[in-house]
Amino acid sequence: MIAFSLTFPATAWGLEGFGPWSLVAVRSVLAAFVAGGCLLAVGAPPRERSRAWGRVPPPDRKHWPGLAVVGAGVVLGFPMLTTLALQTSTTAHAAVVVGLLPLTTALLSALRVGSRPSRTFWTAALAGAAAVLAFTVQQSGGALTTADLYLFAALLVCAAGYTEGGRLARVMPGWQVIGWALVLCLPLTLPVAAVALAVEPVTLSAHSVAGLLWVAAGSQFLGLIVWYRGMAAIGIPKASQLQLAQPLLTLVWSVLLLNEQLTVAAPLTAAAVLVCIAVTQRARG
């Protein structure tokens, strides 16, 4: 959660020097290079090694469709949609809207992997989602903005990527799940990065470079390594609800790093969803 909570502030920093398409494509390319290096250097027992990929054999063919969903959701879709939203939305607002992600992930996991949380779990998850929706409507004056539409679309694609990644992490290490997804997307992200950098203006600064490096290494790779491992260990629905803590952490970073001014509703909403986290983690599956 610490890694993910810094994503929006780091993206806001990155947008100070990069265009939205450049930032997303370059972050994915850098993360893919890190992941590819790990796949080449770290590894499997000698009898499972692949000559083509050093010490880590490629996944079975049956796992590639799932990896494509992970790539489409967490490598491409979520970063692009949230970056577009942050051009007109504050990080505090975006963070609280993304508080709907845990419920969305739990719903998709119930459909995809057949998980069956208890009624208490669903009641708490729905309460947290309701608090987020109320905040969104109140902040937007009763009407959804374009940024909100980007964020809601981001929720769907990210939840799909989380669900599929959590399922795959049961049969392969979490770092390999995101690693192979990043490498799979490289034939697309690399040319897009080249074109975007040529078209969009780039102004390098300490903020823009630091933001880019964090979203590439911290958010896109390291954070997802431990996230998928945790999902495999305690189950997708319960793990997903821990992400309700992310909005509160992001609100703290938005004040400390971006000097944003918070409305009273933002921390109150974040506190409400923290209560919901406690209930979902105590609920029996």
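Just the heavy atoms: all of them, side chains too, but no hydrogens, waters or symmetry mates, feed the values below.
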* Asked: Honestly curious: do Val70 and Met172 fall in one hydrophobic cluster under the side-chain, below-4.5 Å linking rule?
  -> yes
* Side-chain donor-acceptor pair under 3.5 Å between Thr189 and Ser28, yes or no? -> no
* Will you find, in the side chains of Ser208 and Glu16, an N or O donor that is under 3.5 Å from an N or O acceptor? -> no
* Structure fact -> So CZ of Arg167 and NE2 of His63: to nearest 0.5 Å the spacing works out to 7.5 Å
* Structure fact -> Shortest non-hydrogen pair, Thr83 vs Thr11, comes out as OG1-CG2, 3.7 Å
* Specify the closest pair of heavy atoms between Leu258 and Ala12, including all atoms of both residues, with the distance to one decimal. => CD1-CB, 4.0 Å
* To do: Please check if the distance between the ring centroids of Phe221 and Trp175 is under 6.0 Å.
  => no
* Hey, does Leu156 have a side-chain heavy atom less than 4.5 Å from the side chain of Leu108? -> no
* Would you check, one step at a time, whether the test side-chain contact (heavy atoms from CB on, under 4.5 Å) holds for Ser219 with Arg27? => CA-CA 9 Å; Ser219 305; Arg27 73 179 268 185; 4.1 Å; yes
* Shortest non-hydrogen separation from Ala216 to Leu30 and the atoms involved -> CB-CB, 3.9 Å
* Structure fact -> Residues at least two apart in sequence or cross-chain that pass ring pair (Phe, Tyr, Trp, His ring centres under 6.0 Å) with His207, listed by chain then number, are Trp13
* Out of curiosity, Leu81 CG to Leu155 CG, how far, rounded to the nearest 0.5 Å? -> 9.5 Å
* Looking only at atom types and distance, does a side-chain atom of Thr163 sit under 3.5 Å from a main-chain N or O of Ala160, one as donor and one as acceptor? -> no
* Same cluster or not: are Leu40 and Leu186 linked, directly or through other Ile, Leu, Val, Met, Phe, Trp or Tyr residues, by side-chain heavy atoms under 4.5 angstrom apart? -> no
* To do: Measure the spacing between OG1 of Thr91 and CD of Glu260 and express it to the nearest 0.5 Å.
  => 3.0 Å
* Do Val252 and Trp214 share a hydrophobic cluster (ILVMFWY, side-chain heavy atoms under 4.5 Å, transitive)? -> yes
* Asked: Hey, does the side chain of Ser22 reach the backbone of Phe18 with a donor-acceptor pair shorter than 3.5 angstrom?
  -> no
* Linked, directly or transitively: Val177 and Ile225 (ILVMFWY side chains, under 4.5 Å) -> yes
* Where do Pro20 and Leu84 come nearest, in terms of heavy atoms and distance? -> CB-CD2, 4.1 Å
* ring pair (Phe, Tyr, Trp, His ring centres under 6.0 Å) against Tyr150, all qualifying residues, sequence neighbours excluded -> none
* Just wondering, are more than 12 heavy atoms of other shown residues or ligands nearer than 6.0 Å to CG in Leu149? -> yes
* To do: Answer yes or no: is there a donor N or O on one side and an acceptor on the other, between the side chain of Gln220 and the main chain of Val74, under 3.5 Å?
  => yes
* Asked: OG1 of Thr82 to CZ of Phe8: how many Å apart, nearest 0.5 Å?
  -> 5.0 Å
* **Derivation and outcome, side-chain contact (heavy atoms from CB on, under 4.5 Å), residues Val202 and Leu197** => CA-CA 7 Å; Val202 175; Leu197 287 172; 3.9 Å; yes
* Asked: Does any non-hydrogen side-chain atom of Gln87 lie less than 4.5 Å from one of Thr146?
  -> no
* Taking the side chain as every heavy atom from C-beta outward, state whether Pro79 and Val215 have any pair of such atoms under 4.5 Å apart. => no
* Return the orientation label for the Trp64 and Trp180 ring planes: parallel under 30°, perpendicular over 60°, tilted otherwise. => perpendicular
* **Side chain to side chain, Ser89 and Thr145, heavy atoms closer than 4.5 Å** => no
* Structure fact -> Residues Val183 and Leu39: closest non-hydrogen pair is CG2-CD1, 4.0 Å
* Asked: Checking side-chain contact (heavy atoms from CB on, under 4.5 Å) for the pair Ile178/Val75: CA distance, chi angles, key distance, verdict?
  -> CA-CA 9 Å; Ile178 185 57; Val75 176; 4.1 Å; yes
* Asked: Nearest heavy-atom pair of Leu67 and Ala181: which atoms, and what distance?
  -> O-CB, 3.8 Å
* **Expected output: side-chain Thr7 to main-chain Phe4 donor-acceptor under 3.5 Å** => yes
* To do: List the steps and the verdict of side-chain contact (heavy atoms from CB on, under 4.5 Å) for Val157 and Tyr162.
  => CA-CA 9 Å; Val157 297; Tyr162 279 175; over 6 Å; no
* Can you name the side chain to side chain contact (heavy atoms under 4.5 Å, CB included) partners of Val192, sequence neighbours left out? -> Ala25, Leu188
* Shared hydrophobic cluster for Val34 and Leu224 (ILVMFWY, side-chain gaps under 4.5 Å) -> yes
